[in-house]
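Working notes, beginning with the structure itself.
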Amino acid sequence: MPKNSVPTAQDPDQTETATKPERSEEAAKPEKPDGRKRRWREHKIARREELVDGTIAAIRVRGRDIGMDEIASEIGVSKTVLYRYFNDKNDLTSATMMRYVETVLAPRMYAAIGSDMDEYELARMAITAYVETVAEDPEVYLYVMANSAGGNRDVVAESERMIAELLSAVLGERLRLMEMDSGGSLPWAYGIVGAVQLATHWWISNKSMTAENLIDYLTMMTWGGITGIAEVAGSPARFKANPHPLLRGDAAEGL
């Protein structure tokens, strides 16, 4: 073999010598991106979004128990088209849940929690935003919650985590501004989010009271907890050291 020979496609078993051979100018050129593949990926992403938006619209019309045939019919495509862009029904469901959270639920909650207002109004605003968002889109919400098992649970859990962590940041900042202990901000935030979410889920399933009444009751509970935290400056030690009499309604009227 010549001293500086380079392995070729016709000689696949040939190994490199101690001195690494120079690469040819052709081999050194960067590989050109495949424009067709890139365009297909972009098309697929855009088409998936269109189909997910169509699925959300179909759920609003046909209800939470909608199936793939009904989704395809409502969108105006064949079921084969859906399976071209989604692996299976679970893939479409997961994408639909994520789209609803990212474009409807999360933005409204972020706007409410990030509002610049006093603590009571902020608490009521956040609760109102959640209840009204669910009330305005009950079928989509119930579809999301009904399918939040298995891998799809991650989508719901992630939305709860994001909202709770944002609320925790706001709680912590306001407590620190008042020179109070903010160590419980995260568990308090998760507790509030969990309570509001579960109560609203119960309510949307039977509607045994008005949305305004639900908001009033949830605000009463949440604000009672917040004022209790403020009374002891957020300190568990001070809370445990204090007596905890239950104030009767007639006693409260005399205050």
Which donor-acceptor pairs under 3.5 Å do side chains of residues 183-199 form with protein atoms, sequence neighbours excluded?
{"residue": "Ser185", "atom": "OG", "partner": "Gly172", "partner atom": "N", "Å": "3.4"}
{"residue": "Ser185", "atom": "OG", "partner": "Ser182", "partner atom": "O", "Å": "2.7"}
{"residue": "Gln197", "atom": "NE2", "partner": "Tyr141", "partner atom": "OH", "Å": "3.1"}

Within 6.0 Å of [atom1] in [X], more than 12 heavy atoms from elsewhere:
X      : atom1 : answer
Tyr217 : OH    : no
Glu165 : CD    : yes
Met162 : CE    : yes
Glu179 : CD    : no

[X] [atom1] to [Y] [atom2] distance, which is reported to the nearest 0.5 Å:
X      : Y      : atom1 : atom2 : answer
Leu92  : Thr55  : CG    : OG1   : 4.0 Å
Leu82  : Asn87  : CG    : CG    : 12.5 Å
Tyr85  : Leu51  : OH    : CG    : 7.0 Å
Asp69  : Glu74  : CG    : CD    : 13.0 Å
Ile163 : Tyr110 : CD1   : OH    : 6.5 Å
Arg39  : Arg41  : CZ    : CZ    : 11.0 Å

*asked:* Looking at Glu70 and Gly67, would you say the former's side chain and the latter's main chain have a donor-acceptor pair under 3.5 Å?
replied: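 Such a contact is found between Glu70 side chain and Gly67 backbone.
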
*Do Asp88 side-chain atoms and Asp91 backbone N/O form a donor-acceptor pair below 3.5 Å?*
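Between the backbone of Asp91 and the side chain of Asp88 there is a qualifying donor-acceptor contact (under 3.5 Å).
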
_Measuring only between side-chain heavy atoms, which start at C-beta, is Glu139 closer than 4.5 Å to Ile66?_
no

